[in-house]
Student: 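Handing you a structure now.
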Amino acid sequence: MVQKTLDDLFLAQLKDIYYAEKKIYRTLPKMAKATKVPELKQAFTAHREETQGHVERLEQVFEMIGKRAQTKPCEAINGIIAEGEETIEDFGETAAIDTGLVAAGQAVEHYEMARYGALIAWAKQLGMSKAAALLNETLQEEMKADKLLTEIGATKVDKMATAKMAA
Ligand SMILES: [Fe+2]
């Protein structure tokens with residue numbers, strides 16, 4: 001049996017999140033298009049720009065460990081995004097769509113936060129403090145995006161959905 005190490009796990013998960021970030025980058029415009037709430041549209045659009053930076057940071061980390069930047073299909077993010085697309089299909093014309101989009105966006109952010117949290121811990125264990133710092137910059141942006149979605153949900157979206165549904 002081939003012995004695998006934490007380095008291998010780090011690389012495997014790096015490829016996984018690299019795939020996920022690229023997929024998220026392609027999906028965010030659909031989410032921005034699906035909402036009529038300006039704050040939410042803006043949040044998705046701004047996060048897409050940040051996501052471009054996340055892709056670039058990952059490429060820097062690949063370079064730091066002397067590996068070619070390569071994706072590995074991530075079934076988890078494919079599933080989360082497919083659910084979001086299903087929400088758009090099923091609720092796109094209803095008052096509930098925006099709160100559905102907030103939830104879909106948060107599912108994506110939470111997945112990323114879990115992955116980056118682990119990658120940062122492993123990078124530190126492997127003595128790669130520069131990579132850990134770089135990945136942490138991205139983690140902070142994911143956390144900020146998640147928090148913004150919570151705020152938009154609470155102040156701009158949820159009440160609106162309830163009001164319309166009650167009417
Ligand atoms: Fe990201």
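Each ligand, and each atom within it, is numbered from 1 in the order the structure gives. Values below: every heavy atom of this structure, side chains too, minus hydrogens, waters and symmetry copies.
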Student: Within less than 2.8 Å of the Fe ion (ligand 1), any N, O or S from Glu109?
Tutor: no

Student: Of His54, Glu56, Glu49, which is the lone residue that meets side chain to side chain donor-acceptor pair (under 3.5 Å) with Gln52?
Tutor: Glu56

Student: Looking at Glu141 and Arg57, does any basic side-chain N land under 4.0 Å from a carboxylate oxygen?
Tutor: yes

Student: Would you check if the Fe ion (ligand 1) lies under 2.8 Å from any N, O or S atom of His54?
Tutor: yes

Student: Against Lys22, only a single residue in Ile77, Leu58, Ile17, Val55 fulfils side-chain contact (heavy atoms from CB on, under 4.5 Å); can you say which?
Tutor: Val55

Student: Among the N/O/S atoms of Glu142, select the one at the shortest distance from the Fe ion (ligand 1) and name it.
Tutor: OE2

Student: Give the atom name of whichever N/O/S atom in Glu112 sits closest to the Fe ion (ligand 1).
Tutor: OE2

Student: Any non-hydrogen side-chain atom of Lys72 less than 4.5 Å from a side-chain atom of Gln13?
Tutor: no

